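Below is one structure, written out as structure tokens; the observations come after it.
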Amino acid sequence: MTRAVVLGGGFAGVLAAAALAGLPGAPGAADEVVVIEGDRYPAAPGPRRGLPQAHHSHVLVAGGARALAELLPGALEELAALGARRIGLPGDALILTAEGWFRRLDTAAYLVSCSRGLLDHVIRPRALASGTITVRQGVTVTGLTGDAHRVTGVRVEECGREEVIRADLVVDATGRRSGAPRWLAELGMGEIPEQSVSSGLAYATRVYRAPDGLDAEMPAVMLHPRPSPGEPGRGATVYPIEGGRWIVTLTGTEGGRPPADERGFEEFARALHDPIVAELMAAATPLGRVRPYHDTANRRRFFERAGVPAGFVAVGDAVVAVNPIYSHGMSVAVLSALAIRSALARSGLDCAQTLRAAVAEAAETSWRMAVEQERGPDPATPFQRQVRLRRTRAALASAELAGEMFGRQTLLPDGAASRDRSWLLRVMSEPPGAPMTTGEAIRQFPRLSGWWPGR
């Protein structure tokens, strides 16, 4: 009888448990899956103590949403029935870039927006529904058992009592602050290669009750930072969520980070390069305090390159944690779980190296995109910079270019290479139209236009 033990019962952990339990009769699935969770789950949707980001925005981008539909059929429909919003990009969003406002364009890209509490409330019971999964709450992981060649189990502590749980496979889903490097070192393993790329970014979030008339059909609002030499980048997002609420997040780099006090938060919004977010905040009712977050460095542990003992694999933020501003964490967790299920079917529970490689591949696109964004584009000639600028401006009004850009950002598979690209020459050769004013951009959304004080 095979047993897998998952350390951490958060989003990545419960999805990994679902993948390990497998479909009925699926090859490679574990006979028993034990989830170890140090926290205790709330009875109703809401934040929990062990989840520092619970009050901030959480979305599933299109690639992750598609994977979730495959891994847990019916989950997206239940989320929608409970108020989660499907936001097409850029068709259902008011987006201001450094080059101007996007027009409403239909593409395959989208995101699903809701509170983290609702997401967990729907996903957790579905992921843990298998009769082969057992969850132990309020239990602390203290280390691993085995040696430098193989992990054989996990040491835990519950109510002051220590215990060893035997396992054929241990899955670490304990997040950014994972103790895996220390646990493995205690078994005689050397250092795990690690790369960290600082974002310099911090953000602060507050939840609001939407004003009457804007609680339904409200577009998402995204103000991208406007690059300026020597000046910090400042931006903002407004995501509608269930219950007629908005999650408002203000972002800023070193020297321009958003304050955590109410007055400073509002003044920061007023100082942004467009008034729309500040106007929305002024019309809405605050719910709770401003909550700051600063742990935004991009970090990757290369378990797949290290001499990790057999019987161990890490998932989620314990492997790749990109700046949360990219909204990839939840989706990469789903894609990783799907990759684990596929790898189990091919190689079985005993081939942890195959599982580690599958997880690394599932996270690669998100990691590469985040690192390229933080480091900036490669040096370019004046002509190359001109082409990039023309392409960026053209995307504001081109469904094809916008679809490519948002498709990458939402982790959709890249099918562009196999298509006829004659449209690209046409789009790039057309003179760009005049950029829209804020008023023109808002008038694309009738409900919002009727409210906007600048109309």
Side-chain angles (χ1 to χ4, degrees), residues 57 59 61-62 85-111 113 208 210-228 233-241 245-252 266 268-284 325 327 388-410 427-428 430-455:
S57 61
V59 303
V61 297
R85 290 282 303 277
R86 186 185 191 277
I87 299 170
L89 296 176
D92 299 323
L94 192 59
I95 304 175
L96 177 61
T97 73
E99 304 304 328
W101 291 99
F102 268 96
R103 297 187 181 277
R104 295 192 72 176
L105 304 169
D106 291 329
T107 75
Y110 64 92
L111 56 83
S113 174
Y208 289 79
D212 292 341
L214 287 182
D215 55 347
E217 301 178 18
M218 170 70 183
V221 180
M222 305 175 193
L223 301 184
H224 293 185
R226 180 170 292 175
S228 180
R234 295 182 176 92
T237 59
V238 180
Y239 286 133
I241 61 172
R245 295 175 294 163
W246 300 337
I247 289 187
V248 178
T249 298
L250 307 181
T251 64
E266 293 173 355
F268 186 98
R270 287 286 176 193
L272 292 171
H273 50 281
D274 191 273
I276 180 65
V277 171
E279 295 289 353
L280 289 169
M281 288 167 51
I325 205 69
S327 302
R388 286 176 180 172
L389 180 61
R390 183 63 176 267
R391 186 182 180 109
T392 302
R393 288 177 175 171
L396 300 178
S398 165
E400 295 95 340
L401 282 174
E404 279 198 346
M405 185 183 78
F406 286 108
R408 289 194 301 271
Q409 293 178 2
T410 58
V427 170
M428 293 291 286
E430 292 176 354
M436 287 191 294
T437 65
T438 296
E440 289 170 335
I442 289 174
R443 281 194 287 274
Q444 297 180 107
F445 299 89
R447 182 70 63 89
L448 187 60
S449 179
W451 161 87
W452 185 54
R455 63 184 181 276

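Note that the structure is predicted; figures quoted are calculated from it, not measured.
- When all heavy atoms are compared, the tightest approach of Thr107 to Pro90 is CG2-CD, 4.0 Å.
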Stepwise side-chain contact (heavy atoms from CB on, under 4.5 Å) test for Met218 and Arg447: CA-CA 7 Å; Met218 170 70 183; Arg447 182 70 63 89; over 6 Å; no

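- With values rounded to the nearest 0.5 angstrom, Leu448 atom CG is found 11.5 Å from Arg443 atom CZ.
- Here CD1 of Ile241 is found 11.0 Å from CZ of Arg85. Values are rounded to the nearest 0.5 Å.
- We find the CZ-CG distance between Arg393 and Leu401 to be 14.5 Å, quoted to the nearest 0.5 Å.
- A pairwise comparison of heavy atoms in Thr251 and Ala236 identifies OG1-N, 4.2 Å as the closest pair.
- For the residue pair Glu400 / Ser398, a side-chain donor-acceptor distance below 3.5 Å is found, with atom types taken as modelled.
- When the options Val238, Thr97, Leu89 are evaluated for a side chain to side chain contact (heavy atoms under 4.5 Å, CB included) with Met222, the one that passes is Leu89.
- Pro240 and Pro219 make their closest contact through CD-O, 4.2 Å (heavy atoms, listed as atom of the first residue, atom of the second, distance).
- Nearest heavy atoms, Ser327 versus Tyr239: OG-OH, 4.4 Å.
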Criterion side-chain contact (heavy atoms from CB on, under 4.5 Å) on Leu250 and Val277, from CA distance to verdict: CA-CA 9 Å; Leu250 307 181; Val277 171; 4.3 Å; yes

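- Across all their heavy atoms, Asp92 and Arg104 have their closest contact at OD1-NH2, 3.6 Å.
- A distance of 7.5 Å separates CZ of Phe102 from NE2 of His224, quoted to the nearest 0.5 Å.
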Residue pair Phe406, Leu105: steps toward the side-chain contact (heavy atoms from CB on, under 4.5 Å) verdict: CA-CA 11 Å; Phe406 286 108; Leu105 304 169; over 6 Å; no

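- In terms of heavy atoms, Leu280 sits closest to Trp246 at O-CZ3, 3.4 Å.
- Here the options are Thr437, Leu396, Thr438, Ile95, the test is side chain to side chain contact (heavy atoms under 4.5 Å, CB included), and the partner is Trp101; only Thr438 passes.
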Steps toward side-chain contact (heavy atoms from CB on, under 4.5 Å) verdict (Ile87, Val59): CA-CA 10 Å; Ile87 299 170; Val59 303; over 6 Å; no

Working for salt bridge (Lys or Arg N to Asp or Glu O under 4.0 Å), residues Arg270 and Glu279: CA-CA 8 Å; Arg270 287 286 176 193; Glu279 295 289 353; 3.5 Å; yes

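- Summarising the geometry, atom CE belonging to Met281 is positioned 5.5 Å from atom CD belonging to Glu266; distances are rounded to the nearest 0.5 Å.
- The CD1 atom of Ile276 sits 10.5 Å away from atom CG of Leu96, with the distance rounded to the nearest 0.5 Å.
- Partners of Ala271 under the side-chain contact (heavy atoms from CB on, under 4.5 Å) rule, at least two apart in sequence or in another chain, do not exist in this structure.
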